[in-house]
Amino acid sequence: MILEKKIENQVASYLKSICGEGDYNELVHLQKTRAGFKGDITLVVFPLLKLLKQKPAEAAQGIGEYLSDNMQEVMSFNVIKGFLNIEIDPGWWTGYMNMILQEDSLLKKPDNKDSSPVLVEFSSPNTNKPLHLGHIRNNLLGMSISRIIEASGKPVKKVNLVNDRGIHICKTMLAWQKWGDGTTPEKADIKGDHFVGEYYVMFEKELRKEIDKLRSESYTEEEALQKAPLMKEAREMLRKWESGDRETLDLWKTMNRWVYEGFDETYKELGVSFHKVYYESGTYKVGREVVEEGLKRGVLEKKEDGSVWADLGKYSLDKKLLLRSDGTSVYMTQDIGTAVLRYNDFSPAEMLYVVGNEQDYHFKVLQIVLRELGYEWAEKVKHISYGMVELPGGRMKSREGTVVDADDIISEMEITAQRLSEELGKLDEVPPGKRSEVVKMIGMGALKYFILKVDPRKNMLFNPEESIDFNGNTGPFIQYTHARVCSLRRKCSEAGITEQESSPIVDMSSKELMLLKLLYDFQGVVSQAAEDHSPALIANYVYELAKEYNQFYHDHPILRESRRDVQQFRLLLSVCTGRVIKSAMYLLGAEVPERM
RNA sequence: GGUUCCGUAGCUCAGCUGGAUAGAGCAACAGCCUUCUAAGCUGUGGGUCCCAGGUUCGAAUCCUGGCGGAAUCACCA
C-alpha cells in the first residue's frame, strides 16, 4: 500500500499545482492494472476530468509525465483511453521483497499492550449438546478474525459466553436422574458433551411421548406442553436451581463439568482458545440489576403483570421484553449483563460478537437497549453476522437427525487425510514420528480453509457425502505449495545456493514479476480483511498466491539455472512465498507442514 | 404480512467502496513425471451476472419495482 499511497499523493500534488489548493486524494482512483495491459498500477482518470478540463487521454498523459518526472519508482507509462497504466521499476519490487525478508514477522504486532483491546466473542455454546457444524464455522471465524485484527496492529481479547443455565440444562439433569442409573462419561466411555447430549435427546423423546398422549386426549400442543409431567418436573428443577438448592446445584456443576471436558477436547482439535470465559449463570443477575435500575430511571416500563419492557417505538421497532412477569431474565437481559461486565473488565475499543445472522434482530435491539440505558459505549457493540451452514437437504435439523457433529467431521477429515496421504505415498517423505501430526494438519487445513474461504456473510453449503476435496482450491493445495518451497530450500542449500539479499535482476519474466507484485499485496490484504472482518479475503489471496507460485515453479528451475543472480532471486522469491503462505494460513488458524 | 440478507458457468464459490475483455475450483474431455514434491502444471468446452426500469462517460457492482430463496418478527436461546 505504501506505493499506492505515494502515487496518490503525487497525483494530488499535481492537481494542486494546476487547480490550486484542495484535498484531491479522494478523487485518485488506483487499481491493479488489468491482465492483458502493459503496466502495474492503473490510475483511472475519469473522475479528474471535470477538474482538469481536459480530454481523458490528454489528462492521463499529463499526469503520467508528472509521475515519471517526480517518482523514481515510476519507470514508464502508457495511456489507453481514460486509463493511465503506470509501470514500476522492477527493482522496486525486488527491494520490497528484500526488505520484508529481513523482518522477523510479516504480521504486525499489537502496538501498545495497554491500549484498549478489541473484544471478540465467539463460540458461545449451550451446555446441553455437543458442538456441530454450525459451531465449527463460528469458532473458525472467531479465531481467524481475532488473529487478523491482531495482525493489523490492534490488541485482541477473545471471550466466550457459555450458556450454562436455563430450562434446557434442567431437562438433561432430569433425564440423567431418571434414567442415568448413576453412570458417568468415564464409565460409559463417552466424551462428556456427547454423554450429556444423549440425555437431552432422551428427555425430548420421552416428552414427545407424553405430549402425543395428551394430544390424543384432545389437548392442544401448547396445553400439552404445559400439562406434561416431565415439563412440570423440569420447570420445578429450574425453580430449585434459581433458589440455590444445594443438591440441584451439585448435579448441575457435575454435568456441566462433563460437558466442558468434552468441549475442551473439541476446542483443542480446532485450535481454539480464549482469554476469558463468561458464564450466563454469572451474568444474568447483573443484567437484571441493570434493567431494574433502568426501570427506576424511567427508561423502561413495567406492565401490570410485573413484566418489564423496553419501548423501541422511536426506532420503529416493537416493544421488547426484558424481564418476565415472574421476575426471571431472558436472553436479552443476560446479554446486557454480560456486555456491562465485559466493558468493566476490559474497557474495550470495540466489542465484536461473532454470531449467526439468525440473530441480526437481537443484536440490533441489544445495541439500542444499551444506548437507551445510557451506556455511551453502546456504539462499540458490533455484530459480526455470518450465514448458516446448510446441507444438501437444507438446514440442519436436530429433530430429523441431520445435525453434523463437530467431532465426527473433524475425525472424518483426518481419516480422509490419512487415506489420501497413504495412497499417494506422501508419508514416506515424512519422518515416522511426525506423520500423525502432518495428517492432522492436512485434515484440519482442509476443513478450515473450506469453511473460511467463503464470504462470512453468505450462507454456505456443506456436502458431507462428497466430503472435502484435497485438490484445487483447497487447504491441502496451499499446504502442499508450502511443503514444496521447503523442499526446494533444502535442495538449494545442499547445492550451495544461499538466501542472501537479491540484486534487482533485469531479466525478469512476467510470471516472476507477477509473483513479486502479489507478495507485495499481502499486507494490504491483511488490513482490508481486518477492516471487513473477512477471513475469506485472506483465503482467496493465499490461493491466488499458491497458484501463481506453482505456475512459476513449473517453468522457472533453480538448480538447472546457470546464472547465479537468477538462481538467488528465484530462491528468495520462493522463500518469501513460503513465508507469506505460512503467515496467511496462520491467520486462518491453519498450520503448514514442511513435508507432505 | 413487516423487516433484513441472498440470487454470477451443470455444482461450489471469487469479483460488488461503479472502471478496460466477468474469473477460479470441482465435474467432463485431451495432454505433461529418467529433470527442484504430479495433493502439481498445460489445454478444450461451458454465462440472459434472476427479470425490468433508472442514475452516467461507464453498472455483475449503486437506486426503484418485480420474481425466487433464506432468516427474523417469542414471557426460547
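Treat the numbers as computed from the prediction; the structure is a model and nothing was measured. Side chains are part of it too, since the values below use all heavy atoms of this structure and drop only hydrogens, waters and symmetry mates. Lettering follows sequence order; numbering is per chain, from 1.
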Below 3.5 Å, can you tabulate the donor-acceptor pairs from side chains in residues 129-138 of chain A to any protein atom, sequence neighbours excluded?
{"residue": "A:His132", "atom": "ND1", "partner": "A:Gly134", "partner atom": "N", "Å": "2.9"}
{"residue": "A:His135", "atom": "ND1", "partner": "A:His132", "partner atom": "N", "Å": "3.0"}
{"residue": "A:Arg137", "atom": "NH1", "partner": "A:Gly387", "partner atom": "O", "Å": "2.7"}
{"residue": "A:Arg137", "atom": "NH1", "partner": "A:Lys458", "partner atom": "O", "Å": "2.9"}
{"residue": "A:Arg137", "atom": "NH2", "partner": "A:Asp455", "partner atom": "O", "Å": "3.3"}
{"residue": "A:Arg137", "atom": "NH2", "partner": "A:Pro456", "partner atom": "O", "Å": "3.4"}
{"residue": "A:Arg137", "atom": "NH2", "partner": "A:Lys458", "partner atom": "O", "Å": "3.1"}
{"residue": "A:Asn138", "atom": "OD1", "partner": "A:Ser123", "partner atom": "N", "Å": "2.5"}
{"residue": "A:Asn138", "atom": "ND2", "partner": "A:Val354", "partner atom": "O", "Å": "2.9"}
{"residue": "A:Asn138", "atom": "ND2", "partner": "A:Tyr386", "partner atom": "OH", "Å": "3.1"}

Self-check item: Any residue of residues 544-552 of chain A with a heavy atom less than 4.0 Å from an atom of RNA chain B
Solution: A:Lys547, A:Asn550, A:Gln551
Quiz item: When syn is taken as a glycosidic angle within 90 degrees of 0, is B:C13 syn or anti?
Solution: anti
Quiz item: Which residues satisfy the side-chain hydrogen bond (donor to acceptor under 3.5 Å, both in side chains) test with A:Glu591, sequence neighbours excluded?
Solution: none
Exercise. Classify every nucleotide of nucleotides 9-14 of chain B by which part a protein heavy atom approaches to under 4.0 Å, writing B for the base, S for the sugar-phosphate alone and - for neither, in 5'-to-3' order.
Key: ---SSS
Please list, one pair per line, the donor and acceptor atoms closer than 3.5 Å that link side chains of residues 436-443 of chain A to other protein atoms, with sequence neighbours excluded.
{"residue": "A:Lys440", "atom": "NZ", "partner": "A:Glu269", "partner atom": "OE2", "Å": "3.1"}

Quiz item: Under 4.0 Å between a side-chain N/O of A:Arg395 and OP1 or OP2 of B:A71, yes or no?
Solution: yes
Practice problem: Could you pull out all residues at least two apart from A:Phe122 that satisfy ring pair (Phe, Tyr, Trp, His ring centres under 6.0 Å)? | Solution: A:Phe274
Quiz item: If you draw the axis of the six-membered ring of A:Trp309, does the NZ or CZ of A:Lys320 fall within 45° of it and under 6.0 Å from the ring centre?
Solution: no
Self-check item: Partners passing ring pair (Phe, Tyr, Trp, His ring centres under 6.0 Å) against A:Phe77 (at least two apart in sequence or in another chain)
Solution: none
Quiz prompt | Non-neighbouring partners of A:His482 that pass ring pair (Phe, Tyr, Trp, His ring centres under 6.0 Å), sequence neighbours left out | solution = none
Strictly under 3.5 Å: I want the nitrogen or oxygen pairs between protein and nucleotides 75-77 of chain B, one per line.
{"residue": "B:C75", "atom": "O2", "partner": "A:Ser325", "partner atom": "N", "Å": "3.3"}
{"residue": "B:C75", "atom": "O2", "partner": "A:Ser325", "partner atom": "OG", "Å": "3.2"}
{"residue": "B:C75", "atom": "N3", "partner": "A:Ser325", "partner atom": "OG", "Å": "3.0"}
{"residue": "B:C75", "atom": "N4", "partner": "A:Asp305", "partner atom": "OD2", "Å": "2.0"}
{"residue": "B:C76", "atom": "OP2", "partner": "A:Arg324", "partner atom": "NE", "Å": "2.4"}
{"residue": "B:C76", "atom": "OP2", "partner": "A:Arg324", "partner atom": "NH2", "Å": "2.6"}
{"residue": "B:A77", "atom": "OP1", "partner": "A:Arg324", "partner atom": "NH2", "Å": "2.8"}
{"residue": "B:A77", "atom": "OP2", "partner": "A:Tyr331", "partner atom": "N", "Å": "3.4"}
{"residue": "B:A77", "atom": "O3'", "partner": "A:Asn163", "partner atom": "OD1", "Å": "3.4"}
{"residue": "B:A77", "atom": "O3'", "partner": "A:Asn163", "partner atom": "ND2", "Å": "2.6"}
{"residue": "B:A77", "atom": "O2'", "partner": "A:Asn163", "partner atom": "ND2", "Å": "3.1"}

Quiz item: Does B:G65 pair with anything, Watson-Crick or G-U wobble, both distances under 3.5 Å, and if so, with which nucleotide?
Solution: B:C51
Self-check item: A:Glu423 and A:Arg419 ion-paired at < 4.0 Å
Solution: yes
Under-3.5 Å N/O pairs linking protein and nucleotides 20-22 of chain B:
{"residue": "B:A20", "atom": "OP2", "partner": "A:Arg34", "partner atom": "NH1", "Å": "2.7"}
{"residue": "B:A20", "atom": "N6", "partner": "A:Thr42", "partner atom": "OG1", "Å": "3.0"}
{"residue": "B:A20", "atom": "N6", "partner": "A:Asn85", "partner atom": "OD1", "Å": "2.9"}
{"residue": "B:A20", "atom": "N1", "partner": "A:Asn85", "partner atom": "OD1", "Å": "3.4"}
{"residue": "B:U21", "atom": "O2'", "partner": "A:Arg34", "partner atom": "NH2", "Å": "3.2"}

Practice problem: Could you pull out all residues at least two apart from A:Tyr541 that satisfy ring pair (Phe, Tyr, Trp, His ring centres under 6.0 Å)? | Solution: A:Phe522
Practice problem: Return the set of residues passing salt bridge (charged side-chain N to carboxylate O under 4.0 Å, His left out) with A:Lys517 (not counting sequence neighbours), or none when no residue passes. | Solution: A:Asp40
